[in-house]
Amino acid sequence: MSILELTHFIDNHWIPSVSEERFAVIDPSTEEVIAWAARGDAQDVERAVQSARRAFPVWRDTKPRERSALLYALGQSIRKQADDFARWEAIDSGKPLARARREILSTARYLEFYAGAADKFYGDTIPLGPDYVDFTLREPLGVTAHIVPWNFPLNMIGRSVAPALAMGNTAVVKPAEQTPITALKLAELMLELGFPPGVYNVVTGYGEEAGAPLSRHPGVDGITFTGSVEVGRLIMRAAAEHIRPVVLELGGKSPIIVFDDADPDHAAAETVKAIYSNTGQVCSAGSRLLVQEGIKEAVLEALVERSRQVRVGPALEDPDIGPLVSDEQYQRVQGYVEIGKQEGARLLLGGQRPAERERGFFFSPTILDDVHPQMRIAQEEIFGPVLAVITFRTEEEALEIANGVQYGLVAGVMTNDIGRALRMARGLQAGQVFINEYFAGGEETPFGGYKQSGFGREKGWEALYNYTQVKNVAIRIR
Ligand code: NAI
Ligand code: MG
């Protein structure tokens with residue numbers, strides 16, 4: 001396969017970095033270079049923001065139904081090319097092909113969903129009595145910046161860019177340096193479909209070099225960021241300079257809580273999905289199994305058995321799980337397993353690279369038992385296929401452990417007792433609660449965090465509030 005040459009996409013043009021610098025993009029399944037991408041910096045960000053600024057009045061004043069039609073057409077084009085997109089995503093990120101394809105189709109779904117919202121997100125009329133007419137206008141923010149991570153490269157662009165564009169904003173996207181390809185493939189489709197210049201711009205490059213100048217640019221009116229807490233904090237500080245709103249989605253340490261009235265085999269199957277999906281590189285991964293003591297043995301037995309059957313392999317062979325995204329991520333995950341062992345946790349399974357894999361950043365499904373809620377492996381986001389197992393006795397104790405972390409993104413509850421399920425749903429500090437099916441929900445359901453998992457809600461109708469501001473118009477009748 002020939003090596004791709006990638007440039008920025010600005011003002012509907014393909015342009016290299018002003019500096020002419022590039023960086024290598026690696027396939028984590030093979031460790032081979034698959035592309036050279038433009039290494040953007042403040043100068044390229046400047047061009048992209050200017051382009052988006054020029055485009056803003058044009059796009060804002062485009063009839064909502066026309067914006068809707070273009071976004072819908074984009075969704076349809078993605079569907080037609082889902083296999084191509086999936087292949088690019090798979091070699092860029094290490095995702096198994098079938099999973100990559102599902103994420104591509106979900107990206108199309110975001111575009112279709114928000115295409116539908118473009119002409120339906122109404123304002124209000126507010127009763128002030130006979131002497132006034134009062135109504136609200138929902139106006140776009142202007143230029144929105146989207147700083148995207150590598151775990152769901154195109155899907156997260158769909159998730160935030162689709163509602164932004166639907167509401168009349170223009171966008172500058174900074175994909176993760178590990179996975180820039182599909183952001184640019186999307187631009188190819190938008191160019192073909194006739195999106196006006198500057199509506200969607202992509203600057204590739206590293207976080208500090210391209211992401212940071214984008215986050216502090218005065219021409220950016222709102223920022224959506226998904227990634228680490230550490231960088232989230234930097235983004236918020238940068239946004240404070242010009243008092244810009246931010247949406248932050250900063251990951252989690254989410255519990256999957258199994259009560260002793262649940263079916264142990266179903267609980268094990270859900271746990272396998274919760275922790276190993278996308279090799280554990282999921283903000284909403286269920287990385288802490290909280291299991292009630294009476295059912296623990298049965299759940300663990302089924303869990304270990306199912307975990308052993310998880311096939312680990314190169315993305316294009318379509319295994320159950322692919323490699324971790326990078327060597328850096330591999331080292332991080334391996335480091336946490338060592339920390340866990342030192343802290344006194346017991347390694348039940350995995351803990352390293354599968355013996356048969358010599359190249360690629362592969363990591364085996366890993367289970368650590370006898371984990372205490374205060375251990376680092378029970379508190380910190382590992383972002384790999386590493387499960388921490390914690391035992392509890394009572395409902396109150398489960399809730400206390402579940403909430404006893406700095407994060408609060410999602411939580412899973414496995415129980416057949418409706419009262420218990422609803423008590424837990426109320427008590428859990430998390431932006432979404434899954435009862436009896438981990439990851440239940442879809443493009444329609446609001447998503448985002450409590451506590452240090454961030455704020456603002458993406459997905460569903462809720463996301464539209466991030467990309468609009470309300471103007472109240474009060475008219476005195478004379
Ligand atoms: P990161 O937070 O550094 O990267 C996410 C995005 O932010 C990338 O596009 C990156 O280029 C950009 N970025 C980095 N530094 C920046 C800066 N100073 N200003 C503006 N943009 C910047 O995450 P990283 O280093 O890839 O992963 C580290 C850990 O973060 C992971 O192990 C995981 O725990 C967490 N993470 C969480 C994600 C989530 O879905 N919530 C996604 C990715 C990482
Ligand atoms: Mg980083």
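Keep in mind the model is a prediction, meaning the values are calculated, not measured. Order of appearance sets the numbers: ligands from 1, and atoms from 1 within every ligand.
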Novice: Atoms of ligand 1 less than 4.0 Å from Gln329 heavy atoms?
Specialist: 31 (C), 32 (O)
Novice: For Ser364 and Gln352, does a side-chain donor sit closer than 3.5 Å to a side-chain acceptor?
Specialist: no
Novice: Which residue from Gln281, Glu381, Glu177, Glu249 reaches closest to atom 11 (O) of ligand 1 through any of its heavy atoms?
Specialist: Glu177
Novice: Measure the shortest side-chain to side-chain distance between Glu444 and Arg109 over non-hydrogen atoms and say whether it is less than 4.5 angstrom.
Specialist: yes
Novice: Are Phe447 and Ser284 side-chain neighbours, meaning at least one heavy-atom pair lies under 4.5 Å?
Specialist: yes
Novice: Going by the atom numbers of ligand 1, which of them fall below 4.0 Å from some non-hydrogen atom of Pro149?
Specialist: 42 (C), 43 (C)
Novice: As a check for students: among Ser284, Ser228, Gly227, identify the option with a heavy atom nearest to atom 30 (O) of ligand 1.
Specialist: Ser228
Novice: Can you tell me which portion of Leu214 lies within the under-4.0 Å heavy-atom range of ligand 1? Options are side chain, backbone, both, or neither.
Specialist: neither
Novice: Measure the acute angle between the ring planes of Phe121 and Tyr465, then classify it against the limits of 30° and 60° as parallel, tilted or perpendicular.
Specialist: perpendicular
Novice: Any N or O on Lys174 sitting closer than 3.5 Å to an N or O of ligand 1?
Specialist: yes
Novice: Side chain, backbone, both or neither: which part of Phe225 comes within less than 4.0 Å of ligand 1 when only heavy atoms are counted?
Specialist: side chain
Novice: For Gln50, run the side-chain hydrogen bond (donor to acceptor under 3.5 Å, both in side chains) check against Arg54, Arg47, Glu46, Arg53 and tell me which one passes.
Specialist: Glu46
Novice: Relative to the heavy atoms of Ala212, which atoms of ligand 1 are at a distance of less than 4.0 Å?
Specialist: 19 (N), 20 (C)
Novice: Heavy-atom pairs closer than 4.0 Å: do any link ligand 1 to the side chain of Val148, the backbone, both, or neither?
Specialist: backbone
Novice: Side chain, backbone, both or neither: which part of Glu230 has a heavy atom under 4.0 Å from ligand 1?
Specialist: neither
Novice: Hey, are Gln334 and Glu338 close enough side-chain-wise for a donor-acceptor pair under 3.5 Å?
Specialist: yes
Novice: At a 4.0 Å threshold, what atoms of ligand 1 neighbour a non-hydrogen atom of Val231?
Specialist: 2 (O), 3 (O), 13 (N), 14 (C), 15 (N), 16 (C), 17 (C), 21 (N), 22 (C)
Novice: Under the criterion side-chain contact (heavy atoms from CB on, under 4.5 Å), which of Pro365, Pro319, Pro385, Pro323 is the partner of Val312?
Specialist: Pro365
Novice: Which ligand 1 atoms are under 4.0 Å away from a heavy-atom of Gly211?
Specialist: 19 (N), 20 (C), 21 (N)
Novice: Students often mix this up, so state it plainly: with edges at 30° and 60°, are the rings of His146 and Tyr467 parallel, tilted or perpendicular?
Specialist: parallel
Novice: Can you label the angle between the Phe434 ring and the Tyr438 ring as parallel, tilted or perpendicular, going by 30° and 60°?
Specialist: perpendicular
Novice: Tell me the contacting part of Ser215 for ligand 1: side chain, backbone, both, or neither, using a 4.0 Å heavy-atom threshold, strictly below.
Specialist: neither
Novice: Under 4.0 Å from a heavy atom of Ile235: which atoms of ligand 1 are those, numbered in the order shown and with their elements?
Specialist: 20 (C)
Novice: Give the ring-plane orientation class for Trp14 versus Phe9, where under 30° counts as parallel, over 60° as perpendicular and anything between as tilted.
Specialist: tilted
Novice: Say whether Thr226, considering both its backbone and side-chain N or O atoms, lies within less than 3.5 Å of an N or O atom on ligand 1.
Specialist: no
Novice: Need the ligand 1 atom indices (1-based, order shown) with element for anything under 4.0 Å from a heavy-atom of Ala176.
Specialist: 9 (O)
Novice: Report the relative orientation of the aromatic rings in Trp150 and Phe383; use parallel for angles under 30°, tilted for 30 to 60°, perpendicular for over 60°.
Specialist: perpendicular
Novice: Checking the N or O distance criterion of under 3.5 Å, is ligand 1 in contact with Gly251?
Specialist: yes
Novice: Using a strict cut-off of 4.0 Å, indicate which atoms of ligand 1 neighbour a heavy atom of Trp150.
Specialist: 24 (P), 26 (O)
Novice: Looking at non-hydrogen atoms alone, which of Gly449, Pro153, Cys283 comes nearest to atom 39 (C) of ligand 1?
Specialist: Cys283
Novice: Is the closest side-chain donor-acceptor distance between Gln178 and Ser326 under 3.5 Å?
Specialist: no
